[in-house]
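Below is one structure; the comments refer to it alone.
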Amino acid sequence: MLDFVVKRSLQVIIVVFLALTAVFFLIRLSGDPTALFLPPDTSREQIEEYREILGFNRPLYVQYGEFVGNAIQGDFGQSLRSGESALGLVLARLPATFQLAFSALFISLLISIPLGVLAAYKRNSIFDRIAVAATVVGQAIPSFWLGLLLIYTFAVSFSLLPSSGGGSIVHLILPSVTLATYSIARFTRFTRSTMLDVLRKDYIRTAKASGAPTGSLVLKYALKNSLIPIITLVALDLGTLLGGAVVVEMVFAWPGVGRLLLQSLLNRDFPIVLAGVFIIAFIYSIVNFIADILYAYVNPQIRVK
Amino acid sequence: MTTKSEVNVVKGSTRRKSLRITNFFKKLLGNWSGFVGFVIIFLLIIISIFGKQIAPYDPMYTDFTKKLLPPLTEGHLLGTDQLGRDVLSRIIVGARVSVIIGLVTVLVAGTFGTIVGIISGYFRGWIDVVLMRIVDVQLSFPFILLVLVVSAITGTGLRNIIISLAIGGWVIFARVIRSEVLAIREKEFITACVATGVKRSHILFKHILPNLITPIIILGSLQIATYIIAEASISFLGFGVQPPAPAWGNMLSEGKDYIFSSWWLITFPGIAILITALGVNLFGDWLRDTLDPEFVE
Amino acid sequence: MTNLLEVNNLNICFRNGKSITQPIRNVNFTVRSGEILGIVGESGCGKSVTSLAVMGLLPPKSSEITKGEIIFNEQHIEKMSEKQLQNIRGNEVSMIFQEPMTSLNPVFTIGQQLMEPLKQHKSLTKVQRKERIIEVLKQVGIPRAEQIIDEYPHQLSGGMRQRVMISLALLCEPKLLIADEPTTALDVTIQAQILELLKRIIAETNMSMMLITHDLGVIAEMCHRVVVMYAGSVVEEASVEELFDNPLHPYTKGLLKSLPSQNERKSALYSIAGQVPRPNELGQGCAFANRCEFATERCLTAAPPVFSVAQHKAKCWLLDETVGGVFSE
């Protein structure tokens with residue numbers, strides 16, 4: 001177990017490091033950031049002066065070396081606009097993104113697993129058919145559009161819920177439902193097909209032959225077997241959820257990391273972009289790490305090894 | 001899986017090919033959702049080719065006297081936008097962007113990813129380790145976010161959007177094709193080839209490659225909708241196709257400023273994206289179920 | 001001896017989309033208490049479908065018992081609700097399956113899996129349940145039973161898993177044990193051990209067993225009486241000695257002839273020519289007629305009834321003339 005943890009931790013570090021390196025060079029290769037955030041009528045001398053101050057006039061490898069050196073100490077530089085610590089700005093936005101992503105994850109698991117189980121249990125019934133059709137549509141809806149529709153329906157037409165901003169549970173409802181929709185559809189469909197798969201297995205027949213009632217057959221036996229692939233999928237999809245959060249945060253003006261990152265991209269405020277990339281890659285790797293441990297927990301074949 | 005892909009390997013005469021095409025349509029007609037998907041895709045392609053001829057108005061023609069007209073007024077079926085442009089015409093002409101993005105991206109990302117997957121899976125060794133590490137790094141980052149970062153850096157325009165989407169999308173092809181190659185390599189008929197001294201290049205091109213066609217087609221068809229939605233998303237966020245060019249994503253982006261007064265601006269372009277994605281997915285699902293039900297992404 | 005199980009004129013239909021096939025036609029047999037009845041036949045002859053029908057485990061939507069009755073312990077299985085069936089399964093009738101590798105749930109320990117039928121059928125305390133499990137595990141010859149209950153199926157060998165499957169079937173002391181090819185998936189040496197174990201358990205208890213196999217060697221070793229099935233119906237029924245000494249049906253004769261013998265060295269093994277007809281290919285006549293070397297005109301046009309010679313029954317027109325059998329139906 002310790003071996004596994006050490007190996008995986010090392011992997012997380014390498015992955016985050018490589019992701020940062022890739023983004024660093026992409027940004028630098030795309031051009032000099034100085035000119036982009038200074039007013040267009042700035043004189044050449046002033047631009048040079050700024051390049052000097054910000055260190056953009058030095059060779060690329062020196063800048064990279066310095067970036068890595070500082071990044072290891074948790075220093076991603078200052079925002080080119082506000083002068084505040086880039087990492088600090090990102091970290092300040094983190095709780096809002098967590099709120100959104102986890103409530104969406106919670107909603108989607110809460111709805112999709114029972115729905116998928118029920119659809120599998122009542123295979124080919126009207127309920128099953130409607131559920132399957134809904135998942136197909138749910139996977140094709142662009143989340144930003146769904147967000148707009150929900151804003152129009154609940155905020156504009158009925159004035160029931162706030163359309164943008166953050167800070168309260170009420171503000172959280174529309175964004176998290178929007179973000180959850182795709183996952184609900186995907187997880188439901190996957191749960192259904194996995195359950196159908198498991199219900200055909202020999203060991204389910206064995207349980208049936210020893211008199212297990214249908215209810216416990218589905219809920220106790222098949223569901224536990226299905227959880228292994230479901231956990232894998234959920235872990236894989238957390239990236240999609242985090243990515244989707246960026247888009248949804250923009251639609252609802254939710255004050256999270258994604259919105260900050262996008263605004264920084266638009267403003268060419270690259271220290272914040274790098275700090276944001278670092279945080280997202282790190283969180284995503286950690287989440288996958290946790291999923292692996294969870295996976296081992298439900299799958300005894302791995303646990304014992 | 002093997003039997004089916006091996007059937008595909010058999011090179012048919014033209015007669016057999018035409019038979020296969022009739023068979024394809026027979027099967028398609030027998031499946032309701034696959035058929036609907038096919039019809040949607042077919043119509044989309046027609047619209048994207050003849051969009052300018054089909055559209056009732058010039059999609060770029062602005063007329064401030066007719067701005068923000070609701071649907072079904074003054075000959076504007078779906079209304080007009082804030083500049084008085086006809087929404088229906090813009091949706092029709094905007095189809096081309098989505099179709100081009102979907103098809104070209106899948107071609108670029110699919111080709112690149114497949115090549116990497118084959119190299120990785122067939123040659124194994126250090127090159128496999130290096131390539132798969134790169135894939136891992138990329139998978140540690142959400143697809144849409146990567147596309148956003150890359151397109152923010154490469155800039156806007158159709159070509160740059162496709163490059164960004166392809167950079168985000170190739171890894172899934174690389175990973176799936178690699179595991180397919182690994183699985184095929186273990187098959188008896190490859191072992192038999194090696195044992196009888198068939199050349200490596202011959203094994204690769206005559207035996208492994210044909211067996212990859214089915215998974216490539218399935219995966220490709222299932223990815224297209226992802227690309228179309230991603231393009232709409234980044235255009236919506238201002239990193240993709242720029243106004244005034246008509247594309248569904250930026251129509252929604254412009255329309256959101258008028259959400260309080262003009263519901264049609266945020267409704268119809270979204271429906272167009274939804275129907276497109278739905279059609280592509282239905283057809284892709286049908287392809288998978290028909291060609292290889294065991295296929296996993 | 002009383003009849004524990006009576007299967008009378010059983011007919012089962014399978015539906016696949018629009019096509020309907022009938023894999024089981026007019027099957028009759030009985031299992032007496034305390035005996036081991038062998039059911040032998042090639043794969044696809046309907047042995048497994050019959051045994052699933054006895055358990056009430058036929059897939060509910062795609063299959064249907066169209067005619068006939070299954071009477072177990074004076075209860076009509078075919079008329080039972082799912083709830084009633086659940087009370088019988090694992091309790092009064094148990095089943096052992098062919099694949100020990102896949103028949104145990106990989107995510108539960110052996111103990112957890114053995115606990116379930118006891119919880120379901122018996123009112124025992126937790127401690128009593130554990131005692132009973134260990135007792136049964138020891139009965140089926142599992143060493144260190146106390147440890148095994150905390151292990152997972154993948155930690156056991158195939159032979160051990162099949163022993164666990166047997167203990168699962170024995171837990172509630174059923175009256176009838178159905179073993180569907182219990183040793184087919186196992187190594188030859190393990191096969192012998194498992195068969196020996198089953199035989200011993202039947203001898204020690206008052207249990208009856210229905211042993212389904214394609215292996216006449218296993219039948220000879222284990223059974224008291226034999227039912228031979230071919231293409232969905234019973235073609236011959238007799239005691240083991242009678243069947244091996246004096247087979248009546250040409251199919252049974254063919255099966256016996258195709259057995260390798262220790263005494264003579266044949267250059268090639270005998271095999272019955274032709275193929276089993278599929279359920280939808282069956283015509284009016286005898287199902288075996290297309291492969292039978294004695295087939296006559298009558299065999300092709302009319303299905304033979306059951307002819308009885310004492311306790312020995314067979315469905316073949318040949319018996320009408322040669323043996324002078326008694327027309328029983």
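Because the structure is predicted, anything quoted here is derived from the model rather than measured. Note on naming: letters A, B, ... go to the chains in the order of the sequence lines (proteins, then strands), and numbering restarts at 1 for each one.
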Under 4.5 Å from any heavy atom of chain B, what part of A:Val246 do you find: side chain, backbone, both or neither? side chain
In terms of heavy-atom pairs under 4.5 Å, which option from B:Ala225, B:Ser33, B:Ser233, B:Gly155 contacts chain A the most? B:Ser233
Please report the shortest heavy-atom distance between A:Val137 and B:Leu278, naming the atom on each side. CA-CD1, 3.7 Å
What's the verdict on side-chain contact (heavy atoms from CB on, under 4.5 Å) for B:Asp285 and A:Arg189, showing C-alpha distance, side-chain angles and the deciding distance? CA-CA 12 Å; B:Asp285 283 346; A:Arg189 209 175 171 193; 2.6 Å; yes
Counting only heavy atoms not in A:Phe282, do more than 12 sit closer than 6.0 Å to its CZ atom? no
Just wondering, more than 12 heavy atoms not from B:Lys67 lying within 6.0 Å of its NZ? no
Heavy-atom proximity to chain B below 4.5 Å, by part of A:Leu241: neither
Could you tell me the separation between the OG atom of B:Ser253 and the CE atom of A:Met250, rounded to the nearest 0.5 Å? 9.0 Å
Would you mind checking which part of B:Leu282 comes under 4.5 Å of any heavy atom in chain A, side chain (CB onward), backbone (N, CA, C, O), both or neither? side chain
Any idea which of B:Ile153, B:Thr267, B:Thr226, B:Thr276 has the most non-hydrogen atom pairs under 4.5 angstrom with chain A? B:Ile153
Tell me, out of A:Leu146, A:Ile283, A:Leu266, A:Leu238, who's got the most heavy-atom pairs with chain B below 4.5 Å. A:Leu266
side-chain contact (heavy atoms from CB on, under 4.5 Å) evaluation trace for A:Leu26 with B:Thr154: CA-CA 9 Å; A:Leu26 264 175; B:Thr154 56; 5.8 Å; no
Counting neighbours of CZ on B:Phe260 that are heavy atoms of other residues, nucleotides or ligands and sit closer than 6.0 Å, is the number greater than 12? no
For A:Leu265 and B:Ala152, which heavy atoms make the closest approach, and how far apart are they? CD2-CB, 3.6 Å
Is B:Ala232 in contact with chain A via its backbone, its side chain, both, or neither, using a 4.5 Å heavy-atom distance? both
Backbone of B:Ile266 reached by a side-chain donor or acceptor of A:Trp145 within 3.5 Å: yes
Under the criterion side chain to side chain contact (heavy atoms under 4.5 Å, CB included), which of B:Ile234, B:Leu237, B:Ile273 is the partner of A:Phe144? B:Ile273
Chain B heavy atoms under 4.5 Å from A:Val287: which part of the residue, side chain, backbone, both or neither? neither
Just so I understand: if I count every heavy-atom pair under 4.5 Å between each of A:Val15, A:Leu148, A:Val23, A:Thr240 and chain B, which residue has the most? A:Leu148
Quick check: are there more than 12 heavy atoms from other residues, nucleotides or ligands sitting under 6.0 Å from CZ of B:Phe42? no
First locate atom CZ of B:Arg133, then atom CD of A:Gln11, and finally report the distance between them rounded to the nearest 0.5 Å. 5.0 Å
Tell me the closest heavy-atom pair linking A:Ala140 and B:Asn281, and the distance in Å. CB-ND2, 4.3 Å
Work out which heavy atom in A:Gln139 is nearest to a heavy atom in B:Ile229; give both atom names and the distance. O-CD1, 4.4 Å
With side-chain contact (heavy atoms from CB on, under 4.5 Å) as the test, would you mind laying out the steps for B:Ile259 and A:Ile151 before giving the verdict? CA-CA 9 Å; B:Ile259 191 166; A:Ile151 289 175; 3.8 Å; yes
Interatomic spacing from CD1 in A:Ile141 to CG in B:Leu274 - rounded to 0.5 Å: 5.5 Å
To check you understand the geometry: which heavy-atom pair defines the closest contact between B:Phe141 and A:Ile280, and what is its length? CE1-CG2, 4.0 Å
Given a strict heavy-atom distance threshold of 4.5 Å, which part of B:Phe143 is in contact with chain A: side chain, backbone, both, or neither? neither
side-chain contact (heavy atoms from CB on, under 4.5 Å) between A:Val156 and B:Trp263, worked out: CA-CA 10 Å; A:Val156 177; B:Trp263 57 269; over 6 Å; no
CG (B:Leu139) and OG (A:Ser285) are apart, to the nearest 0.5 Å, by 10.5 Å
Quick check on B:Val150 against chain A: is it the side chain, the backbone, both or neither that has a heavy atom closer than 4.5 Å? side chain
